[in-house]
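Quick notes on the structure that follows.
We count ligands from 1, going down the list as the structure has it; atoms in each ligand are counted the same way. Since the model is a prediction, treat every value here as computed from it, not as a measurement.
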Amino acid sequence: MNQYDVIVVGAGNAALAAAVSAKENGAERVVVIEKAPREMRGGNTHWSGGVLRFAFDDPREIGELLPNVEEEYENFYDGVSPYSKEDFHGDLMRVTSGRTDPVLSKLLVHNSFDTVKWMKKVGGIKMEPAITLSAVKKDNVMVWARGLVVRAEHEGVGLSRSWFATAERLGIEIRYGTAATEILVGDDGRVNGVKVRDDDGVSVLNAWRREERKVPVIILTARDRWSDKVQGFDAGADDYVTKPFHMEELLARVRALLRRATGHATSEIACGPVRLDTRSGRVVVDGNPVKLTSHEYRLLSYLMHHTGRIVSRGELTEHLYDQDFDRDSNTIEVFIGRLRKKLGVDIIQTVRGLGYLLDATRSQA
Ligand SMILES: Cc1cc2nc3c(=O)[nH]c(=O)nc-3n(C[C@H](O)[C@H](O)[C@H](O)COP(=O)(O)OP(=O)(O)OC[C@H]3O[C@@H](n4cnc5c(N)ncnc54)[C@H](O)[C@@H]3O)c2cc1C
């Protein structure tokens with residue numbers, strides 16, 4: 001996980017606020033790790049009342065959070081009592097029988113109102129009076145429980161939904177189905193990462209193998225116990241790399257795996273006069289170097305790794321582009337045309353209606 005500036009554990013109210021704050025303060029790559037799957041996201045926050053307790057001296061200060069409240073509730077402020085920092089701190093001490101951390105609780109209380117204002121402004125949390133939870137009518141005036149006047153619109157569900165929307169808008173990555181199992185501490189005593197358990201990867205792999213999907217798989221993980229490796233290989237992995245790893249080593253392992261999967265013993269693949277070196281990325285025809293764009297190279301490499309079998313246009317499109325690429329496009333045909341021209345030898349055969357076939361015997365044609 002060393003590709004991130006900030007790693008936050010758990011996608012509840014606290015963690016999503018931390019992630020948004022990190023992003024706001026300049027962190028570029030922020031990730032939130034959540035052990036629940038996406039469809040069960042939100043933690044306790046989802047089920048909560050979404051009430052936001054904070055300290056204020058003058059009830060009219062709340063107007064910043066509920067701008068048109070007097071239109072809906074006549075004489076709203078008459079029923080709201082001030083809730084001072086001392087009141088808030090006293091309540092914390094009372095409900096915890098004095099066990100509240102003195103430093104943290106002071107910080108919490110002192111910053112409580114500013115935090116709630118920040119949640120509205122930066123976090124995009126819409127707010128409303130917590131009427132069903134804390135208001136009672138007394139002598140025709142709504143009286144609100146002390147400190148419990150404002151809540152997120154649509155309670156915990158709305159609070160959670162708004163946090164996720166803001167996090168996604170800010171480009172914060174959220175990894176579901178990933179549980180933090182250990183905090184990693186460097187020699188200098190600083191926290192520098194977390195170990196995660198990503199059960200999903202292994203179960204996805206198990207399912208693929210059950211469906212007879214033979215795609216080569218390397219497991220890349222922080223789980224470095226021998227029993228984890230055994231579990232990974234038994235699930236159908238072809239290789240297992242533990243973090244931290246060197247990128248060069250990983251790329252070499254990818255090349256080796258592709259070689260094995262296609263029955264080649266070295267990094268060089270040949271088809272007639274065309275030779276492609278997967279290590280250096282060089283292509284030569286009859287010993288003369290040919291300059292290809294990255295797309296042309298990947299296309300040729302894919303075809304050469306599948307010499308002797310028909311490769312469909314859809315398969316090539318899938319290999320070259322990400323999922324949302326327009327599959328009706330005839331770009332592949334254009335690339336094939338360019339490739340034929342650059343190679344100068346006719347080894348790529350079009351099989352009408354089916355795709356393309358690399359055929360060394362046609363190289364002299
Ligand atoms: C019914 C109910 C009503 C409540 N009403 C209020 C209220 O009105 N106002 C209020 O302030 N508070 C309320 N609370 C308390 C409320 O839950 C918290 O204030 C708030 O939601 C806590 O947010 P959180 O982010 O700390 O925790 P959570 O929302 O519980 O989020 C923690 C997240 O971390 C994930 N996680 C845990 N361990 C790991 C791990 N090892 N790796 C990866 N992910 C992990 C969990 O799956 C979860 O998504 C209520 C609680 C309940 C149960």
Side-chain angles (χ1 to χ4, degrees), residues 1 4 6-22 30-56 62 65-66 83 87-89 91-92 94-96 100-101 104-105 107-109 111-120 123 125-135 144-168 172-185 191 193-202 221-223:
M1 289 229 146
Y4 298 107
V6 175
I7 301 169
V8 186
V9 178
N13 178 58
L16 290 169
V20 168
S21 173
V30 180
V31 66
V32 177
I33 293 163
E34 170 54 55
K35 67 177 177 180
R38 192 179 197 284
E39 58 278 14
M40 288 174 70
R41 68 183 188 176
N44 260 336
T45 304
H46 176 92
W47 306 102
S48 75
V51 179
L52 306 163
R53 184 187 287 265
F54 55 91
F56 53 91
I62 292 181
L65 304 172
L66 309 171
Y83 187 62
D87 292 333
F88 193 167
H89 198 255
D91 281 343
L92 274 178
R94 187 174 46 77
V95 297
T96 62
T100 301
D101 181 281
L104 286 182
S105 60
L107 269 175
L108 170 76
V109 170
N111 295 318
S112 57
F113 197 7
D114 284 343
T115 304
V116 175
K117 286 191 258 186
W118 174 85
M119 284 172 74
K120 180 176 164 68
I125 314 294
K126 291 202 178 101
M127 295 174 190
E128 64 181 10
I131 182 134
T132 48
L133 184 98
S134 78
W144 303 78
R146 300 184 78 192
L148 296 178
V149 187
V150 180
R151 72 176 168 207
E153 217 175 88
H154 305 301
E155 307 184 26
V157 173
L159 177 60
S160 183
R161 195 189 295 145
S162 302
W163 273 133
F164 282 113
T166 302
E168 280 159 15
I172 292 167
E173 185 186 342
I174 304 176
R175 284 175 55 170
Y176 298 103
T178 307
T181 54
E182 203 180 312
I183 304 278
L184 302 175
V185 183
V191 171
V194 288
K195 242 185 194 177
V196 296
R197 191 188 63 234
D198 191 348
D199 286 341
D200 267 4
V202 172
T221 174
R223 301 175 71 181

With a 4.0 Å cut-off on N to O distance, would you call [X] and [Y] a salt bridge?
| X | Y | value |
| --- | --- | --- |
| Glu34 | Arg41 | no |
| Arg53 | Asp91 | yes |
| Glu155 | Lys126 | no |

For the side-chain contact (heavy atoms from CB on, under 4.5 Å) test, which of Ile33, Val9, Thr181, Thr221 pairs with Val196?
Ile33
Strictly under 4.0 angstrom, heavy-atom based: which residues surround ligand 1?
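The 4.0 Å shell around ligand 1 contains Val9, Gly10, Ala11, Gly12, Asn13, Ala14, Ile33, Glu34, Lys35, Gly42, Gly43, Asn44, Thr45, Trp47, Ser48, Gly49, Gly50, Val51, Thr178, Ala179, Ala180.
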Does the side chain of Thr166 pick up a donor-acceptor pair with the side chain of Arg161 at under 3.5 Å?
no
Whether Trp118 and Trp163 hold their rings parallel, tilted or perpendicular, with breakpoints at 30° and 60°
tilted
